Amino acid sequence: MTNAPSESTIPMEELLGHLWADYAEINPQASRVAKLLSARGETVVNDHIALRTFDLAPIGLQTLARPFLESGYQARDTYRFPNKKLQAQHFEPPRADWPKVFISELVVAEMPTSTQAAIRGLVEQVEESHAARTDLCTSGRPWSLSFEIYQALREASEYAAWVAAFGFRANHFTVLVNGLDGFPTLQALDDFLENQGFALNDVGGKIKGSAATLLEQSSTLASNVDVSFADGDHRIPGCYYEFAKRHPQADGTLYQGFIAASADKIFESTDRGQD
Ligand code: NI
């Protein structure tokens, strides 16, 4: 007898498909970039998917990681972002055609008291059964949110406001530049995208990192999207698309980790949006 997955288990490929479909709907620039690249004969390889949450039970980083670990992903390095009060961990897939997963969480206890109260007011609305879903990471926003609270959160933490407004979905997917034939450098891809009218996040320079740090990254600015709040629709920054060029380590294999100093700046791709 084989070990059949329980009924509530979603196959990883289906989960990754849901994550992309939801992300592409909210971030049409990702589909436009993917189309432009495939029109040039490129096959887009996803380097990693980024997920965000609050470090509160029952929805912390390790809860979001569960389905990936159950599908054979391995927990790897942890990261701290003291200025943004974030911590993160990355997970490596058991198959080369699955992306890495980078999960971050806001350390809520390090936020001002009023911000903590607002966030706890959202997380208290999450049913245990919702948090137990295998597809929690692509289940959207499980709480009601007013635009006033969103704006108050935004003053304290752009990250907190993003999680409050969008809930559980991919914050970004990432094109692996090494997987493209016609773009030998990240700069070449960035130039192509800017010529096509995409605005790139220039916080800390458009390219974060270098060959010396083994990872170069750039990203679009988030697309503005209409989001429903308890008191009506408002247009706010949503998701962005990231581009990563990995460099070989001393043993010749490509570096697979992340650089905290670069990720710190990449997080700011959702601080302002583009129409
Ligand atoms: Ni990323």
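Bear in mind that the values here come from a model prediction, so they are computed numbers and not experimental data. Note that ligands are numbered from 1 as they come in the structure, with each ligand's atoms numbered from 1 the same way.
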Backbone or side-chain N/O/S of Asp47 under 2.8 Å of the Ni ion (ligand 1): no
Pair His48-Glu242, side-chain donor/acceptor within less than 3.5 Å: yes
Tyr73 six-ring centre to Arg95 NZ/CZ under 6.0 Å and within 45° of normal: no
N/O/S atom name from Glu242 that is nearest to the position of the Ni ion (ligand 1): OE1
Tyr255 six-ring face occupied by Arg76 cation (under 6.0 Å, within 45°): no
Using distance only, find each side-chain donor-acceptor pair of residues 179-187 under 3.5 Å and give its atom names and separation, not counting sequence neighbours.
from   : atom 1 : to     : atom 2 : distance (Å)
Thr185 : OG1    : Ala188 : N      : 3.0
Gln187 : NE2    : Asp191 : OD1    : 2.9

Which N, O or S atom of His48 lies nearest to the Ni ion (ligand 1), by name: NE2
